Protein chains: 2
Amino acid sequence: MFPKNFQKLINHFSDLPSIGPKQAERLVLYLFKQSREKTEDFAQDLHDFATEVRFCERCFHLAEEDNFCAICRNTKRDQTKICVTEDPLDVISIEKTNSYQGLYHVLGGNLSVMSPEEIKRLKIDELIARVKKEKTQEVIVATNPTTDGDTTALYLARTLKPLGVKVFRLGRGMPTGGDIEYADGITLSSALEGRKEM
Amino acid sequence: MFPKNFQKLINHFSDLPSIGPKQAERLVLYLFKQSREKTEDFAQDLHDFATEVRFCERCFHLAEEDNFCAICRNTKRDQTKICVTEDPLDVISIEKTNSYQGLYHVLGGNLSVMSPEEIKRLKIDELIARVKKEKTQEVIVATNPTTDGDTTALYLARTLKPLGVKVFRLGRGMPTGGDIEYADGITLSSALEGRKEM
């Protein structure tokens, strides 16, 4: 019923999480009604995004133009600390607090909810390799304060402490069952300050 | 905080109706995690959409590759009937019923909710010109069965009847206060069959 290119775009939007087919139709109609230039910009930016944004080779945060992210390229960051998160969006939230000057390591998920194949894709081996090779003294595990995140933290603590580093969990201030990405800056700051050795 | 191209894409998604900034971040992260080929396809299809989908020059429905939509190009359609809708999505919904073989005219909105400048952009003058020039005998006003849609229908009836055409409103079967786009096929079919002269 829809023109071919219209239908294709509806399918792309329907494929996105949390967007249903009817909402996808409305979104595409909205794009159709706005200026053609704006939609062409969107297409160009989406293309650039697909070809230029990549994972940092060291910490697996978002990188661009280079194989390393802006944080890893910044030699002024404290090279003795690694903050471990589940997701790049968690890194962004922590960076916004301006309370942390160390490095990051993005796992890409947590241990409990995943199948064995997915667990293999978590960047845990890469974290161990970094701790062995780099000047790491502290690892701050900033997985979400949920059962799954706690399990992951416990596993990392057991694995990393024998390597001679101190392992911390984000401290008090985080409400249990909450989500790091959505926490406000003050809560995140106090959690960073009140970190607890495991 | 985000890489430049990542942030640009978040902005594009936040500009869409019903998508907030946090949901936009999640959507872009989802795109980032899926295969690069799939996102490049999305970009290409969005580009083709922006350059190839246009308004039909005759009825203002969605057209592609040509200046006229598939319905206007189909000479087997009943050229004596014009069904007037607010939106291209309403045309799609009516087409899905297979109950109507005539032509369409998409107004691009209704009278009541708009500013005077927006009302000027409604394709009412174009509809009058079509009724004068084409072999139209019946105009079926399929604006939504709301106060605004009824106002528009009444205005069209007063304007078009002096031109010697019969003007109909979608008949019983449509629940008052509902939305044509979301109506089921049977309701729409019975509304088409039970159309009422104004």
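Here is how names work: the chains are called A, B, and so on, in the same order as the sequence lines, proteins then strands, and each is numbered from 1. Since the model is a prediction, treat every value here as computed from it, not as a measurement. What's counted below: heavy atoms across the whole structure, side chains too, no hydrogens, waters or symmetry copies.
- Interface residue B/V28: backbone and side-chain heavy atoms are both found under 4.5 Å from chain A.
- Atom CZ of B/F68 is surrounded by more than 12 heavy atoms from other residues, nucleotides or ligands within 6.0 Å.
- Residue contact with chain B, scored on non-hydrogen atoms closer than 4.5 Å, involves the side chain of A/L29 exclusively.
- Other residues, nucleotides and ligands contribute more than 12 heavy atoms inside 6.0 Å of the NZ atom of A/K4.
- Under the 30°/60° scheme for interplanar angles, the aromatic rings of A/H12 and B/F42 are found to lie parallel.
- Of the listed residues (A/K96, A/Q23, A/R26), the one with the most heavy-atom contacts under 4.5 Å to chain B is A/R26.
- Other residues, nucleotides and ligands place more than 12 heavy atoms under 6.0 Å from the CZ atom of A/R73.
- The cationic atom of B/K8 (NZ for Lys, CZ for Arg) does not lie both less than 6.0 Å from the six-membered ring centre of A/F49 and within 45° of the ring axis.
- In this structure, A/E25 contributes its side chain and B/L89 its backbone to no donor-acceptor pair below 3.5 Å.
- Heavy-atom pairs under 4.5 Å with chain A were tallied for B/R54, B/Q34, B/E37, B/H47; the largest tally goes to B/R54.
- Per-residue counts of heavy-atom pairs under 4.5 Å with chain A were compared for B/Y182, B/F32, B/F2; the largest is that of B/F32.
- In this structure, A/N11 and B/D45 have side chains that are not in contact, with every pair of non-hydrogen atoms separated by 4.5 Å or more.
- Both the backbone and the side chain of B/F6 come within contact range of chain A, each with at least one heavy atom under 4.5 Å from a heavy atom of that chain.
- Between B/K33 and A/D87 a salt bridge is recorded (basic side-chain N to carboxylate O distance below 4.0 Å).
- One finds the CG atom of B/D41 at 10.5 Å from the CG atom of A/L46 (value rounded to the nearest 0.5 Å).
- Your options are A/D48, A/L62, A/T39, and the one with the most heavy-atom pairs under 4.5 Å with chain B is A/L62.
- B/T51 and A/E40 are not linked by any side-chain donor-acceptor pair at a separation below 3.5 angstrom, with hydrogens and angles left out of the test.
- Counting non-hydrogen atoms of neighbouring residues, nucleotides and ligands closer than 6.0 angstrom, the NZ atom of A/K166 reaches no more than 12 such neighbours.
- For the pair A/P17 and B/L27, the tightest heavy-atom approach, listed with the atom from each and the gap, is O-CD2, 3.4 Å.
- Only the side chain of B/L9 comes within less than 4.5 Å of a heavy atom of chain A; its backbone N, CA, C and O stay farther away.
- For the set B/I71, B/I19, B/L16, B/V91, the count of heavy-atom pairs under 4.5 angstrom toward chain A peaks at B/L16.
- At a 4.5 Å heavy-atom cutoff, the contact between A/E52 and chain B is made by side-chain atoms alone.
- Between B/D15 and A/K38 a salt bridge is recorded (basic side-chain N to carboxylate O distance below 4.0 Å).
- Taking a cutoff of 4.0 Å between a charged side-chain nitrogen and a carboxylate oxygen, B/K22 and A/E181 qualify as a salt bridge.
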